[in-house]
There are 2 protein chains.
Amino acid sequence: MYQNPPGPRRAGPTGGRRVTLHDVAREAGVSYATASRAIHPGSRKVNEGARDRVLAAAGKLNYTPNFPARAVAHGSTMAVALVVSDVADPYFSSLAAGARRAADDAGLSLTMAVSGGDPEREVELVRKLRGQRPRAIVVAGSRLTDCPHRDALAEELRLFEGAGGRAVLISQPDLPFPTISLANGESGQRLTTALAGRGYRRLAVIRGPDKLRTSRDRADGLVRGAAADGIVLAKRDVIEAPFTRDGGYQAALSLVERGLGGIDAVVAVSDVMAVGAMSALRDSGLAPGRDLGVAGFDDIPMAVDVMPMLTTVAAPLVEMGARAVRLALGDRAGSQTETVATEVVIRDSTPRRP
Amino acid sequence: MYQNPPGPRRAGPTGGRRVTLHDVAREAGVSYATASRAIHPGSRKVNEGARDRVLAAAGKLNYTPNFPARAVAHGSTMAVALVVSDVADPYFSSLAAGARRAADDAGLSLTMAVSGGDPEREVELVRKLRGQRPRAIVVAGSRLTDCPHRDALAEELRLFEGAGGRAVLISQPDLPFPTISLANGESGQRLTTALAGRGYRRLAVIRGPDKLRTSRDRADGLVRGAAADGIVLAKRDVIEAPFTRDGGYQAALSLVERGLGGIDAVVAVSDVMAVGAMSALRDSGLAPGRDLGVAGFDDIPMAVDVMPMLTTVAAPLVEMGARAVRLALGDRAGSQTETVATEVVIRDSTPRRP
DNA sequence: TTGAAAGCGTTACCAA
DNA sequence: TTGGTAACGCTTTCAA
């Protein structure tokens with residue numbers, strides 16, 4: 001008789017009383033177990049009359065099931081965790097929007113964790129998240145080339161799966177977990193082909209850190225594509241900068257300061273960087289599109305609101321976020337890695353050249 | 001002796017074993033209670049040697065405290081909940097970034113709930129969130145003018161507070177809860193003054209639904225300001241549209257189709273709408289800035305990357321998100337409503353007119 | 001400082 | 001179908 005003794009409820013931190021299932025059961029005049037069954041969606045083993053009374057009592061008392069308690073008893077929560085580098089970055093917030101929707105469809109809530117792009121923090125985050133016992137952890141944007149952290153992350157995720165959770169990665173295909181993957185390299189090649197077809201002859205590439213898998217694959221694809229399509233891409237015209245808007249800005253600035261030397265287009269490995277680059281060009285007195293073609297990757301929403309509109313390799317970001325969650329929640333059958341299609345979208349920032 | 005029986009741990013859904021505090025205690029050779037105290041940050045009442053052994057054992061076994069269980073026992077979680085309309089909207093994702101940071105500083109995790117702008121869903125969300133027993137719920141972007149839902153929301157938040165939680169609103173100052181408030185009306189007036197000073201004489205306003213408090217206050221401020229500053233703002237030149245980028249686009253389009261009739265600037269009640277409006281103007285063959293001044297509210301990051309750069313009333317969005325969480329977590333002393341300062345930022349989208 | 005054990009609010013099993 | 005109750009993994013008195 002250690003449990004749920006009748007009598008006044010314990011006061012909360014600010015003096016409030018908590019309504020528990022016990023109160024509901026008493027109010028409805030049924031047993032504790034019956035009340036639980038009536039409230040829980042899954043079990044239909046309860047008399048209609050009793051159920052109605054329980055539901056009515058719950059409504060009257062404004063009862064809300066206590067999720068943590070439910071989680072402890074049932075051994076699993078109703079939450080999915082998403083790890084991103086930065087919520088305010090359009091790339092990640094689009095992924096988050098999709099993940100949220102899919103979680104919602106499954107009746108789960110979404111917990112967001114933000115790493116700030118710090119791989120160490122990312123590992124720490126996953127570790128903490130493990131304690132939350134979410135149904136699944138989706139990791140977007142880790143730096144998988146960075147070996148020690150890469151392994152530490154894999155270990156944390158492995159432990160998470162060992163405890164019954166599900167881990168899924170987005171766009172980082174070389175860890176032994178189900179992954180929503182983008183054909184980044186191939187996309188880069190297709191982009192150069194499109195640019196070559198529009199008359200571009202000499203490229204500069206603005207890329208993120210080499211440790212960032214997405215950045216590296218895209219940059220490599222661009223280099224390969226340039227070679228294949230007869231476009232000149234000098235080694236010194238591949239500029240590395242932080243994988244952010246400001247990184248793109250700085251990279252473009254240094255490009256201009258150094259002298260363009262015949263470059264007729266600059267491709268950034270993300271739209272966010274490309275947008276920064278466009279602003280830098282403009283601040284340097286150059287007109288993006290007219291003086292220099294500009295292109296990016298992702299097709300973030302603002303790509304059509306910058307001027308000129310940005311040519312890009314469109315990735316279905318929202319859909320990717322949703323698919324990651326669905327992949328995590330679905331059964332293990334089928335392929336573990338889903339590759340989503342990308343599409344080159346030509347806009348005004350890369351007009352046809354004479 | 002019903003509790004934590006020794007022996008093999010229960011298998012998880014996929015067959016994994018869970019490491020519990022019991023295992024750690026046994027591994028360290030101390031009692032269950034001592035292990036708990038050693039792991040829990042707050043209690044220093046444990047022998048250093050024992051503590052070290054516990055921590056070592058925890059590390060060795062890869063133990064992670066079970067948050068839900070902790071929450072059940074302790075009566076409160078380590079999470080803060082944030083309700084927004086749309087994660088992918090820069091306004092909300094900036095708020096989220098700030099809220100995340102503040103939650104992080106307090107050692108709490110952030111759970112995001114997305115209402116999609118649907119007030120009914122928003123109430124439902126808060127209700128569900130109550131079940132999660134977060135330390136605090138921060139609601140951004142509700143439509144408080146919509147009375148039935150407004151009251152329902154207030155009731156849910158009241159119940160949440162009754163159970164010991166903390167509720168804080170962002171930019172919706174007319175519910176009886178602590179609020180991070182923006183001087184929206186006053187900001188609107190200051191913007192018209194600035195525009196008048198730059199030679200603008202006839203305005204159009206693109207606004208969101210009347211039910212949206214933020215939109216209404218800003219629009220009202222613009223109307224008042226126009227009157228005070230001798231700017232013409234005809235009733236028919238106030239266009240209502242969805243509070244989104246596409247809403248702004250449509251509104252501007254209809255404005256152009258209808259004929260500008262002497263309007264020399266269009267002000268949208270948010271940067272997101274303003275950006276949409278700029279694109280619409282451009283698609284209609286007009287040059288924002290040159291043919292027509294454009295201004296917005298918020299100063300979202302992309303305001304400086306559109307062309308021309310957007311004049312706006314800057315709100316410290318990230319800081320607001322952070323302050324909301326801090327307000328929720330702090331003690332009840334001091335003022336319940338904090339008003340944050342805004343600042344008119346003139347950029348190229350509103351050049352001086354002859 | 002430590003250990004035993006009583007909760008916390010659920011779910012789920014078992015017998016009725 | 002129902003009620004009783006063990007169990008979930010933890011925190012926190014209460015004695016020792």
Side-chain angles (χ1 to χ4, degrees), chain A residues 1-7 9-13 17-26 28-51 53-54 58 63-78 131-133 163-164, chain B residues 1-7 9-13 17-26 28-51 53-54 58 63-78 131-133 163-164:
Chain A
M1 217 42 2
Y2 62 90
Q3 166 185 305
N4 293 309
R9 316 284 348 122
R10 199 188 59 161
R17 344 198 149 67
R18 263 134 175 155
V19 180
T20 75
L21 194 50
H22 190 102
D23 303 313
V24 174
R26 208 173 27 178
V30 300
S31 87
Y32 197 77
T34 304
S36 172
R37 287 188 276 255
I39 299 258
H40 192 73
S43 37
R44 284 274 158 68
K45 301 177 168 189
V46 60
N47 189 328
E48 189 142 336
R51 203 193 55 205
R53 261 179 301 140
V54 171
Y63 169 75
T64 333
N66 182 320
F67 278 56
R70 195 175 258 198
V72 171
H74 183 261
S76 124
T77 59
M78 295 292 273
Q132 262 160 222
R133 306 287 191 270
Chain B
M1 213 43 2
Y2 61 90
Q3 166 188 308
N4 293 308
R9 318 285 344 122
R10 200 190 57 161
R17 330 190 164 72
R18 264 132 176 158
V19 179
T20 74
L21 194 50
H22 190 101
D23 304 314
V24 174
R26 209 173 28 178
V30 299
S31 87
Y32 196 77
T34 304
S36 171
R37 288 188 272 253
I39 299 257
H40 192 72
S43 35
R44 284 273 158 68
K45 301 178 168 188
V46 60
N47 188 324
E48 188 139 340
R51 201 193 56 205
R53 260 179 303 141
V54 170
Y63 170 75
T64 333
N66 183 319
F67 278 57
R70 195 175 259 197
V72 172
H74 183 260
S76 123
T77 61
M78 295 292 273
Q132 257 154 226
R133 307 286 191 268

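It should be emphasised that the depicted structure is a prediction, and the values quoted were computed from it without experimental measurement. A note on names: the letters A, B, ... follow the listed sequences, proteins ahead of strands, and every chain is numbered from 1.
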Task: Euclidean distance, atom CZ of residue Arg18(A) to atom P of dG9(C) [Å, nearest integer] - done: 8 Å
Open item on the list: Taking Ala163(A)'s backbone N and O only, do any of them form a donor-acceptor pair with Arg18(B)'s side chain (distance below 3.5 Å, no angle check)?
Closed with: yes
Open item on the list: Quick check: on DNA chain C, is the nucleotide nearest Ala69(B) upstream (toward 5') of the one nearest Glu48(B), or the reverse? Name the residue that is more 5'.
Closed with: Glu48(B)
Open item on the list: Could you check whether any side-chain heavy atom of His40(A) comes within less than 4.5 Å of a side-chain heavy atom of Arg37(A), counting everything from C-beta outward?
Closed with: no
- [ ] Would you check if the side chain of Arg53(B) reaches a backbone N or O of Ala28(B) as a donor-acceptor pair within less than 3.5 Å?
- [x] yes
Open item on the list: When you compare the side chain of Thr77(A) with that of Phe67(B), does any pair of heavy atoms fall below 4.5 Å?
Closed with: no
- [ ] Rounded to the nearest angstrom, tell me the gap between atom CZ in Arg26(A) and atom P in dG4(D).
- [x] 14 Å
Task: Nearest-neighbour nucleotide for the Asn66(B) side chain, dG3(C), dG9(C), dC10(D) considered - done: dC10(D)
Open item on the list: Counting the atoms with a prime plus P, OP1 and OP2 as sugar-phosphate, which does Phe67(B) contact under 4.0 Å by heavy atoms, base, sugar-phosphate, or nothing?
Closed with: nothing
- [ ] Taking all heavy atoms of Val24(B) and all of Ala58(B), pick out the closest pair and write down the distance.
- [x] CG1-N, 3.9 Å
TODO: Establish, with yes or no, whether the OP1 or OP2 oxygen of dG3(C) is under 4.0 angstrom from a side-chain nitrogen or oxygen of Ser31(B).
DONE: yes
Task: Heavy-atom closest contact (Val72(A) atom, Pro68(B) atom, distance) - done: CG2-C, 3.5 Å
Open item on the list: Heavy-atom nearest nucleotide on DNA chain C for Gly29(B) versus Arg133(B): which residue maps closer to 5'?
Closed with: Gly29(B)
- [ ] For Arg133(A) and Ser76(A), indicate whether the former's side chain and the latter's backbone hold a donor-acceptor pair under 3.5 Å.
- [x] no
Open item on the list: In whole Å, I'd like the distance from the CD atom of Gln132(A) to the P atom of dG9(D).
Closed with: 17 Å
Task: Separation of dC10(D) C1' from Asp23(B) CG (nearest whole Å) - done: 13 Å
TODO: Grab the CG-C1' distance between Leu21(B) and dC10(D) for me, whole Å please.
DONE: 7 Å
Open item on the list: With a 4.0 Å cutoff (strictly under), does any side-chain N or O of Asn47(B) reach OP1 or OP2 of dT2(C)?
Closed with: yes
TODO: With the side chain of Arg70(A) defined as its heavy atoms from C-beta on, choose the nearest nucleotide among dC10(D), dT11(C), dG3(D).
DONE: dT11(C)
At a cut-off of 3.5 Å, list every protein nitrogen or oxygen paired with a nitrogen or oxygen from nucleotides 12-14 of chain D, distance to 0.1 Å.
from, atom 1, to, atom 2, distance (Å)
dT12(D), OP1, His74(B), NE2, 3.3

